[in-house]
Each structure stands twice: as C-alpha cells, then as structure tokens.
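Every chain is numbered from 1, with letters handed out A, B, ... down the list of sequences. It should be emphasised that the depicted structure is a prediction, and the values quoted were computed from it without experimental measurement.
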Amino acid sequence: MYYSVPRGTKDILPEEALLWQELEQTCRDIFRLSNYLEIRTPIFESTELFARSIGKTTDIVSKEMYEFKDRKGRSLTLRPEETAPVVRAGLEHSLIRPDQVTKLYYIGPMFRYERPQAGRQRQFHQAGVEVFGSADPLIDVEVILLNRQLFSALRLKGLSVNINSVGCKKCRPEFRKQLKDHFKYNINKMCADCQNRLEHNPLRILDCKEAKCQKYIELAPASVDTLCDECKGHFGAVIKQLDYHQVKFVVNKRLVRGLDYYTKTSFEIISSNLGAQNAVSGGGRYDDLVAELGGKPTPAVGFAIGLERLIEVMKKGTRDEGRGTQLDLFIATLGDKARELGFDLLIKARQKGRSADMDYLGKALKTQLKLADKLGAKQVLILGEDELNKGYGILKDMKTSKQTEVRIDSLEEVV
RNA sequence: GUGGCUAUAGCUCAAUUGGUUAGAGCACCAGAUUGUGGUUCUGGGGGUUGUGGGUUCGAGUCCCAUUAGCCACCCCA
C-alpha cells in the first residue's frame, strides 16, 4: 500500500457506484418533474463570495474552508456549499430576475475541512435545488414536498421533518435582543462557545447541546413568538399546507442553521437510521442573499441533500434490495480463430446495444462459463474449434441451461 | 480543534504470562471433468502485522511518536 486517499475522502467502488447512479438519476428525474433545470458551476470560487454569503463568523467560513491562493495571488476556495455559487452564476448570466420564478438544481461535490466521522467527510456530495423570485409560502412547501417525493421514489423510511421560522430582517433584531437579554444574566455559567455566541450570533446558542446550557435554553424565548406579522403569516401558511398535504413534521423552536443567510422558513430532514450526523437534507428561505450579493432584492428558497448520508440510509436495508451487475451476453471461445470470430460478434452485439463481454485471458471453457455466471450473463455463445469446423456455434441460455446450435452465417443475428 | 477506542492476507477475524516457520473462514487461482456455470472435494498463490523509533537474548504482543479509521463533542449534508 503506497498511497491512500486523502483524509476525509473516499473512493466510490463499482458496487456502490451503482447505488450512486440510481440515486443521482432519481434526483434528476424528480427535480425535472417539478420543472427544475440543472446548473453546473466551478468547483472553486472566490473566497469572498462564501465569506459574504455564509457569514464570516460561521464555523464554515472561519475554520472549515479549503482556501488557497492561485499563482496571481487570488484567494480561491473549494466550494463548501452550492447556494452562493448558484446565486453568483444566476446573477452573472441574468438567470435570476425579481419578476419571474427561476428554478435550478445541482448535483456535485462540496468541501469542508472538518474532522471526519461517520456521515461527515471533507469531500462530500450534495444534490439541491434553489428557487428564485417568489415569496409565496407555497414555494417553501413545494421544496419540502420535493424532498418527500424523492425519498419516496427511493423507497426510504425513518425520515422526519423539523421546521422552524427564524424571522426576517425586520423581526430578527428584536428576537436577538430578547435572546441577549435572556442569557446575559447567566452567560458566565454557560459554555465557552455560548459566551462567544452571545455577542456575534446569539441565535446559535439555541442549538447548543452542552448540558449546563440546557436549562437556560429551555426558558429562552422562541423565534416563532417574536415573528412580525408577515413572518407569522408566512409560517402559518407553510404549516397549514404541510398539514393539508399530510407531511409529518415537528416545529423545532431550537432549529437554527449554521449559515447566516436564512430567513423565515428553515428546515431539516432527519434520519433515524444514522448516527450523530443524522441530517440528510437541510434548507430554507434566504430572501436577502441575492441582494447581498449584488442583485436586486429577490426572495429565494432552497435545500441541499447530503448524498453520502442518503446512500447510507439506502444501504441500511430500509428499502428493497437492488440488483447486482447484469450482462446480456458472454462469448466463450476456444482457439485463436474462434477468439477472433467471437471478438467480432462481441463488437456487433455491443453496437446493437446489448451489454456483452468475453474472456481475454485464454482460460479453460469451464472457467469462462464460471466467469459468465459470476457476471450474471443471460446467454453464453460458445465457439469452439469443433463447432467452427462443423459450421455452427452454440447459444446457451444460462437460466434454463438449454443449448441451441446456430449456423455460423446466422450468428450475427442472434448476438 | 477536544476526548475515547482501534489498525494482522482482497474481506471478517485468530495467534497462551513477550518465544521458533503469523493461522482460519470467505474471496481469488487451478485440478478432479485433457470442451460446459451455480453444489461438492483437493491443492495453490498471497503478509515488511499501518508507518518510524525504543525496551528485550527474542516484539503481532510492551513503550513512545506518527498516519489513518471508528465513536462522541463541535458543526453540518
């Protein structure tokens, strides 16, 4: 073993890659049904883009970015998430307009420098959607339903929706103030992280899991209680629609996501089949981000799904088992003449769109059949010297073991 | 960034208080059947015991460092 993958990264081997293909294709199909179109952006962007959008004081920006300088000294960063790049690209190419709805989706790798753990890698993959231009609560509901539809297409179980509203720039200052007032008397009894959070991001105190902080957090005001009329109405409309569409969810007043750009609706989808890293999907509304990045004020909603975590759920047996590899045709040959004829037929079978392969190691016939069996071949064409001399080949059905003789000049038709 | 556990064949795991040539199952290759798969039987290849030091007559085993994985914190997908 001379080299191994970099820490926190993984090779996806052929067997698992089949699962990935199914997952990615399902994402594309489902997103397509709701009229989302794909966008692909570079894997790195200017560092400033992420600092601006995600927030300089967030963990992601302050300590988890893969940042580097290129040869001209420009500061670039491997994307830790895809919302900001999509907004950037949308503005750059005038895809995003305040007066119309734009729906985009993406699938690809993201990078965060974190300590690896089950369900947490330094390179991981997300599939997500972003909707620009509508402040309608129905859009919030649409993206949540999109998650449900995707999970149901993948036959996944054990998932639950957590939802909250974190308010907007009108009502959030009041909420922050209430939180600060609430915590300031006891802050020195709370953990060091919370003491820091009090000043720069008091909302995140609510998400703290430290035991000694819990009793103060339990008594803290909830954002849903300080929402302005507009946010309250919006949240109510979302909840009403979720109920109407029979989405099982819980209002989690402590749900505060680690990216600063979220407004109003914020949600996470949790799997009961994973360890500590149990969020398979997360998202929400970010009505101020487009303007923050230089566009006209444009409301937006989106979410991102953690594909590695979904793959884990898929593997956990909470779904019907998939099938392994399959091959339409295997060609077994004996002797050089037969091998060349077999190769020619092999190429022709593939041109017809059949999956086909043959032995390239000069193995015994028995071994070739063994290999055909292992590859899940439906049919084997046996070409030996005897057959060629007599002018036919043998087509064997591997399921029924039935063999039929086929004249050489007809072989092209059967492969 | 913090704490705990772990690292032996491709995979899952053995190896007595430190003791000679590091074993087994599965997988792989081959033979039994000199041209017919799945079952069976027989044989075979494969290891610098994660890496680097140290203690010892002797280290897979004990000690230190390092790398990586796992679990949790933190954070998030």
How is A:A118 classified with respect to the nucleic acid when contacts are heavy atoms under 4.0 Å: base, sugar-phosphate, or nothing? sugar-phosphate

Check every strand shown and say whether A:I305 touches a base, only sugar-phosphate, or nothing at a heavy-atom separation below 4.0 Å. nothing

Given the C1' atoms of B:rG23 and B:rG46, what is the spacing between them in whole Å? 14 Å

Within the 4.0 Å heavy-atom criterion, would you say A:E82 contacts the bases, only the backbone, or no part of the nucleic acid? nothing

Could you state the CG-P distance from A:D357 to B:rG37, rounded to the nearest angstrom? 20 Å

Span that lies between the C1' atom of B:rU8 and that of B:rC73, in whole angstrom: 31 Å

State which of B:rG35, B:rA77, B:rG37 makes the closest approach to the side chain of A:A279. B:rA77

Pick the nucleotide of RNA chain B nearest each of A:L259 and A:Q403; which residue has the one closer to the 5' end? A:Q403

For the side chain of A:E387 and the base of B:rG35, is some donor closer than 3.5 Å to an acceptor across the two? yes

Does a side-chain N or O of A:Q117 approach OP1 or OP2 of B:rA72 to a distance below 4.0 Å, or not? yes

Please work out if A:G384 contacts a base, only the sugar-phosphate, or nothing of the nucleic acid, heavy-atom cut-off 4.0 Å. base

How far, in whole Å, is B:rG69 from B:rC64 if one measures between their P atoms? 22 Å

When you measure from the side chain of A:F124, which nucleotide among B:rG38, B:rA77, B:rC70 comes out closest? B:rA77

Determine whether any donor atom in the side chain of A:R120 lies under 3.5 Å from an acceptor atom in the base of B:rC70, or the reverse, and answer yes or no. no

Which value, in whole Å, describes the distance between the C1' atoms of nucleotides B:rG10 and B:rG45? 13 Å

So for atom CG, which belongs to A:D70, do other residues, nucleotides or ligands contribute more than 12 heavy atoms lying within a distance under 6.0 Å? yes

For B:rU8, give the paired nucleotide (Watson-Crick: N1-N3 plus N6-O4 or O6-N4; G-U: N1-O2 and O6-N3; both under 3.5 Å), or none. none

Mind checking A:T367 for me? I need base, sugar-phosphate or nothing, with any heavy atom below 4.0 Å counting as a touch. sugar-phosphate

Under 4.0 Å, heavy atoms only, any strand: does A:E385 hit a base, just the sugar-phosphate, or nothing? base

Return the value, rounded to whole Å, for the distance between atom CD of A:Q121 and atom C1' of B:rA68. 14 Å

Rounded distance in Å - CE (A:M314) to P (B:rA77): 21 Å

Less than 6.0 Å separating the ring centroids of A:Y105 and A:F31? yes

Does any part of the side chain of A:T333, heavy atoms only, come nearer than 4.5 Å to the side chain of A:F343, both counted from C-beta? no

Below the 4.0 Å mark, does B:rG69 have OP1 or OP2 next to a side-chain nitrogen or oxygen of A:R7? yes

Less than 4.0 Å between a side-chain N and a carboxylate O, is that true for A:E174 and A:K177? no

Is any N or O donor-acceptor pair between the side chain of A:Q368 and the base of B:rU36 shorter than 3.5 Å? no

Give the rounded distance in Å between these two atoms: CZ of A:R79 and C1' of B:rA77. 13 Å

Can you tell me the pairing partner of B:rG52 across any strand shown, Watson-Crick or G-U wobble, with both distances under 3.5 angstrom? B:rC64

Could you give the CG-to-P distance, from A:N278 to B:rA77, as a whole number of Å? 12 Å

Can you find an N or O donor on one side and an acceptor on the other, under 3.5 Å apart, linking the side chain of A:R115 with the base of B:rG69? no

Base, sugar-phosphate, or nothing: which does A:I394 touch, judged by heavy atoms less than 4.0 Å apart? base

Taking OP1 and OP2 of B:rG37, is either one under 4.0 Å from a side-chain nitrogen or oxygen of A:K399? no

Between A:K366 and A:V256, who's closer to the 5' end of RNA chain B by nearest nucleotide? A:K366

Please check the phosphate of B:rC28 (OP1 and OP2 only) for any side-chain N or O of A:K374 closer than 4.0 Å. yes

Out of B:rA77, B:rG35, B:rG38, minimum distance to the side chain of A:I382 belongs to B:rG35

If you look at every strand shown and take non-hydrogen atoms under 4.0 Å, does A:L310 touch a base, only sugar-phosphate, or nothing? nothing

Rounded to whole Å, please give me the gap between NZ in A:K370 and C1' in B:rA27. 12 Å

Span that lies between the C1' atom of B:rU67 and that of B:rU51, in whole angstrom: 7 Å

So does A:R155 pair up with A:E22, basic N to acidic O under 4.0 Å? yes

Identify which nucleotide among B:rA77, B:rC29, B:rC70 has an atom closest to any side-chain atom of A:R112, counting heavy atoms from C-beta outward. B:rA77

Whole Å only: how far is the CD atom of A:E24 from the P atom of B:rA77? 19 Å

Heavy atoms under 4.0 Å, any strand shown: does A:G119 hit a base, just sugar-phosphate, or nothing? base

Once hydrogens and angles are ignored, does a donor-acceptor distance under 3.5 Å link the base of B:rG38 to the side chain of A:S401? yes

Pairwise P distance for B:rG52 and B:rU40, with rounding to whole Å: 41 Å

Would you mind classifying the nucleic acid contact of A:G283 as base, sugar-phosphate or nothing, using non-hydrogen atoms under 4.0 angstrom? nothing

Is the shortest heavy-atom distance from the side chain of A:L259 to the side chain of A:Y286 under 4.5 Å? no

Determine the Euclidean distance between corresponding C1' atoms of B:rG18 and B:rU61; express it in Å to zero decimal places. 6 Å

Testing B:rA77, B:rA30, B:rC74 for proximity to the side chain of A:Q277, the answer is B:rC74

Got a salt bridge between A:E16 and A:K10, using NZ or NE/NH1/NH2 to carboxylate O under 4.0 Å? no

How long is the straight-line distance from CG of A:D359 back to CG of A:L369, given to the nearest 0.5 Å? 10.5 Å

Tell me what A:K63 touches on the nucleic acid: a base, only sugar-phosphate, or nothing, going by heavy atoms under 4.0 Å. nothing

Partner of B:rG3 by Watson-Crick or G-U wobble geometry, both contacts under 3.5 Å, or none? B:rC71

Answer whether the closest heavy-atom distance between the side chains of A:S281 and A:F151 falls below 4.5 Å. yes

Checking contacts here: which listed nucleotide (B:rU36, B:rG1, B:rC74) is nearest the side-chain heavy atoms of A:D59? B:rC74

Whole-angstrom distance between B:rU55 and B:rC63, as gauged at atom P: 15 Å

A:L227 side chain near A:S165 side chain, heavy-atom distance below 4.5 Å: yes

Integer-rounded Å distance: B:rU36 C1' and A:M398 CE: 9 Å

